[in-house]
**Student:** 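Sharing a structure, written as structure tokens. Questions coming.
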2 protein chains.
Amino acid sequence: MSPLPVANGVRLTRQRQVVLDTLGTMRTHPEAMQVFHAVRERMPNISLATVYRTLGVLRDAGLVREFVTHDGPRRYDATPGEHFHLACRSCGRLVDVELPEAAFLGRRAAEVTLFSDIEVSQVELTGICPECAAPSGG
Amino acid sequence: MSPLPVANGVRLTRQRQVVLDTLGTMRTHPEAMQVFHAVRERMPNISLATVYRTLGVLRDAGLVREFVTHDGPRRYDATPGEHFHLACRSCGRLVDVELPEAAFLGRRAAEVTLFSDIEVSQVELTGICPECAAPSGG
DNA sequence: TTTTATGCAAATCGTTTGCATCAGG
DNA sequence: CCTGATGCAAACGATTTGCATAAAA
């Protein structure tokens, strides 16, 4: 039998593949429970604990991103590339924003403090999305 | 009897005053439980529920700032002025950083998305603090 | 006297863990 | 075989809530 595929040092068991794969198709920045439900459609016996453990493993390996919003549980995405999150204060919808200039903040912080190796680990923006801003009926 | 003092629309009961006051003296960005312990030294009968409720009330009124770090419980500060947080990846210590140029991110995001009223609600930076970077013995 | 805040304890929610079993090397 | 991964259920930590009492308007 061929050995399990490996990515970033983690052995991709069948359940890990399904979790990674499923998350890859979701564009809603789901929380663990939502990932669990989506994954269950493809693999009805997978346990919640495995989904939690797997998300942690994949996060440690850098294969998925885990982040917190101001309230609510942790959320996940498998979107490649540096990006930040913009949440609608009215409906809660979360979208990705690419902001290359955010790296600039890290450099500025290094100048102001004595910290080294500074990374911009999370930027959370809030605003009002087009749907919520539009008068409801037109 | 004179009426209770009011700040930003909230009636400052004795326990709310103590919570606000105590948090004002703490520079460690404490979590709710730590605020609770500190407050108890001044008011031994205050309940944990009241501290939680009060922190929520003060946060809604804009009198204290509540934020989440990548892991761990919510943290609080009463530091005035726009600032962000820089956490040491090694020891977890958290310091304030003033980054006026962060507002720039909000403007850029508004250009890139169709969202309106964008605010930079949280920037979380991580790095290595001077103590942790220094060779321990000399 | 009507409303709002408090204290206490129980409940809830998200997440983690112990342990026996199973798949992979 | 030996190690690591899984499923299940119980445990856990942080936060919220129901309810009776106390304080303020």
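Side chains included, hydrogens not; waters and symmetry mates left out as well; all remaining heavy atoms used. Below, read A as the first sequence line, B as the second, and so on, with proteins coming before strands; counting in each chain starts at 1.
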**Student:** How many Å lie between CD on A:E31 and P on C:dG14, as a whole number?
**Tutor:**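 Computing the A:E31:CD to C:dG14:P distance gives 7 Å.
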
**Student:** Can you list everything that forms a side-chain contact (heavy atoms from CB on, under 4.5 Å) with B:V57? Sequence neighbours excluded, please.
**Tutor:**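 B:V57: side-chain contact (heavy atoms from CB on, under 4.5 Å) contacts with B:V10, B:R16.
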
**Student:** Return the CE to CZ distance between A:M26 and A:R75, rounded to the nearest 0.5 Å.
**Tutor:**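 Result: 10.5 Å between the selected atoms.
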
**Student:** Dot-bracket for DNA chain C, please. Rules: Watson-Crick or G-U, both distances under 3.5 Å, ( ) within the strand, [ ] when a pair crosses earlier ones, | for another strand, . otherwise.
**Tutor:** |||||||||||||||||||||||||

**Student:** Kindly indicate whether the side chain of A:R89, heavy atoms from C-beta on, has any atom under 4.5 Å from the side chain of B:D117.
**Tutor:**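 The answer is yes, as the side chains (C-beta and beyond) meet within the 4.5 Å cut-off.
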
**Student:** Tell me whether A:R42 is salt-bridged to A:D21, with the criterion being a basic N under 4.0 Å from an acidic carboxylate O.
**Tutor:**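 Looking at A:R42 and A:D21, the cut-off is met.
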
**Student:** Roughly, in whole Å, what's the span from CZ in A:R16 to P in C:dA23?
**Tutor:**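 Going from A:R16 (CZ) to C:dA23 (P), I get 16 Å.
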
**Student:** Without decimals, in angstroms, what is the distance between B:L48 CG and D:dA14 C1'?
**Tutor:**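 Going from B:L48 (CG) to D:dA14 (C1'), I get 9 Å.
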
**Student:** Could you name each residue pair satisfying salt bridge (Lys or Arg N to Asp or Glu O under 4.0 Å) that touches residues 97-106 of chain A, not counting sequence neighbours?
**Tutor:**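 Of all non-adjacent pairs touching residues 97-106 of chain A, those that pass salt bridge (Lys or Arg N to Asp or Glu O under 4.0 Å) are A:E101-B:R108.
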
**Student:** Give the rounded distance in Å between these two atoms: CG of B:L55 and P of C:dA5.
**Tutor:**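 Roughly 15 Å, once rounded to whole Å.
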
**Student:** Does A:R53 reach the main-chain N or O of A:L48 with its side chain, forming a donor-acceptor pair under 3.5 Å?
**Tutor:**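 Here the side-chain-to-backbone pair does not exist.
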
**Student:** Quick one: list whatever passes side-chain contact (heavy atoms from CB on, under 4.5 Å) with B:A109, sequence neighbours left out.
**Tutor:**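 Here the qualifying residues are A:V97, A:L125, B:I118.
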
**Student:** Can you tell me how far P of D:dA23 sits from CD of B:Q17, to the nearest Å?
**Tutor:**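 It works out to 16 Å between those atoms.
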
**Student:** For B:R65, give me all partners under side-chain contact (heavy atoms from CB on, under 4.5 Å), at least two apart in sequence or on another chain.
**Tutor:**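 Expected list: B:D77, B:H83, B:H85.
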
**Student:** Is the phosphate of C:dT6, meaning OP1 or OP2, less than 4.0 Å from a side-chain N or O of B:T13?
**Tutor:**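 Yes, B:T13 has a side-chain N/O under 4.0 Å of OP1/OP2 on C:dT6.
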
**Student:** Between A:V19 and A:I46, is there a side-chain heavy-atom distance shorter than 4.5 Å?
**Tutor:**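 Yes, side chains in contact.
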
**Student:** Distance check needed: C:dG14 C1' versus A:E66 CD, whole Å only.
**Tutor:**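 Taking CD of A:E66 and C1' of C:dG14, I get 12 Å after rounding.
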
**Student:** Kindly say if A:Y52 contacts the phosphate of C:dT15, meaning a side-chain N or O under 4.0 Å from OP1 or OP2.
**Tutor:**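 Yes.
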
**Student:** With nearest nucleotides of DNA chain D determined for B:R11 and B:G72 from heavy-atom distances, which residue corresponds to the more 5′ nucleotide?
**Tutor:**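 With B:R11 and B:G72 compared, the 5'-side residue is B:G72.
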
**Student:** Between C:dT6 atom C1' and B:L12 atom CG, what is the distance in whole Å?
**Tutor:**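 In whole Å, C:dT6 C1' and B:L12 CG are 16 Å from each other.
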
**Student:** Using nucleotides 7-13 of chain D, report all nitrogen or oxygen pairs with the protein that are shorter than 3.5 Å.
**Tutor:**
from, atom 1, to, atom 2, distance (Å)
D:dG7, OP1, A:Q15, NE2, 3.4
D:dG7, OP1, A:N45, O, 3.4
D:dG7, OP2, A:S47, N, 3.0
D:dG7, OP2, A:T50, OG1, 2.7
D:dG7, N7, A:R53, NH2, 2.9
D:dG7, O6, A:R53, NH2, 3.2

**Student:** CG of B:L4 versus P of C:dA5: gap in Å, rounded?
**Tutor:**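 In whole Å, C:dA5 P lies 10 Å from B:L4 CG.
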
**Student:** Whether A:R74 contacts C:dT16 is assessed here as follows: a side-chain N or O lying under 4.0 Å from the phosphate OP1 or OP2. Is that the case?
**Tutor:**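 Checking A:R74 against C:dT16: at least one side-chain N or O falls below 4.0 Å of OP1 or OP2.
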
